[in-house]
Visitor: 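I have a structure I would like to understand better, so I am pasting it below and will then ask my questions one at a time.
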Amino acid sequence: MSGCLFCGIVRGDIKGDIVYQDETIVAFRDISPKAPVHILIVPRKHIETLADVGEEDKGLVGEICYVASQVAKEQKISQGGFRLVVNNGTGAGQSVYHLHFHLLGGRPFTWPPG
Ligand code: 5GP
Ligand code: ZN
């Protein structure tokens with residue numbers, strides 16, 4: 001979608017530090033990391049929020065979770081514990097309206113989140 005930051009990164013028009021990509025998913029480092037490892041995992045398809053995921057996208061969301069677990073192993077944050085987070089909507093702090101999963105690791109996390 002034109003004007004979407006993450007569509008721009010997916011297309012390669014905007015520079016991203018890409019750590020994984022395949023035909024449906026791209027994973028790149030967050031520009032403002034909140035943990036030693038902070039990677040955003042996005043579908044190439046423009047979907048605004050998790051709440052906009054349709055029946056036809058169920059497999060895609062599963063693939064993103066699988067990619068997250070694989071990237072966590074590659075980045076060596078799997079054993080120490082990692083977090084996979086989706087902020088859905090303004091109340092949850094979503095600032096970029098192209099579905100993305102935050103993969104965070106490399107430090108301890110507290111619960112509940114803020
Ligand atoms: P949200 O707040 O929507 O859950 O997460 C958006 C994330 O995108 C934030 O963690 C923010 O740091 C990241 N971000 C914003 N602009 C850019 C950018 O231009 N490049 C990259 N790699 N990440 C960005
Ligand atoms: Zn987009």
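Whatever order the structure lists them in is the order used to number ligands and atoms, beginning at 1.
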Visitor: Have a look at ligand 1 and work out which part of Y97, if any, has a heavy atom under 4.0 Å from it: side chain, backbone, both or neither.
Guide: neither
Visitor: Is the count of non-hydrogen atoms from other residues, nucleotides or ligands lying under 6.0 Å from Y66 atom OH greater than 12?
Guide: no
Visitor: Hey, does I31 come in under 3.5 Å of ligand 1, counting only N/O atoms on both sides?
Guide: yes
Visitor: Are side-chain N/O atoms of T24 and E63 paired as donor and acceptor at under 3.5 Å?
Guide: yes
Visitor: Applying a 4.0 Å heavy-atom criterion (strictly less than), which segment of D17 is in contact with ligand 1: side chain, backbone, both, or neither?
Guide: neither
Visitor: Is there a nitrogen or oxygen of N87 sitting under 3.5 Å from a nitrogen or oxygen of ligand 1?
Guide: yes
Visitor: Using a 4.0 Å heavy-atom threshold (strictly under), name the region of L5 that reaches ligand 1: side chain, backbone, both or neither.
Guide: side chain
Visitor: Suppose I only count heavy atoms of S32 and a 4.0 Å limit; which atoms of ligand 1 are within that range?
Guide: 12 (O)
Visitor: Side chain or backbone of R29 under 4.0 Å from ligand 1, or both, or neither, by non-hydrogen atoms?
Guide: backbone
Visitor: For side chain to side chain donor-acceptor pair (under 3.5 Å), just list the numbers for K76 and S78, CA-CA rounded to whole Å, side-chain angles, deciding distance to a tenth of an Å, and then say yes or no.
Guide: CA-CA 6 Å; K76 311 224 180 308; S78 191; over 6 Å; no
Visitor: With the Zn ion (ligand 2) at the center, what angle do ND1 from H98 and SG from C7 span, rounded to 10 degrees?
Guide: 110°
Visitor: Taking all non-hydrogen atoms of both residues, which atom of F101 and which atom of C65 are closest, and how far apart?
Guide: CE2-SG, 4.3 Å
Visitor: What about H38: any of its N or O atoms under 3.5 Å from an N or O on ligand 1?
Guide: no
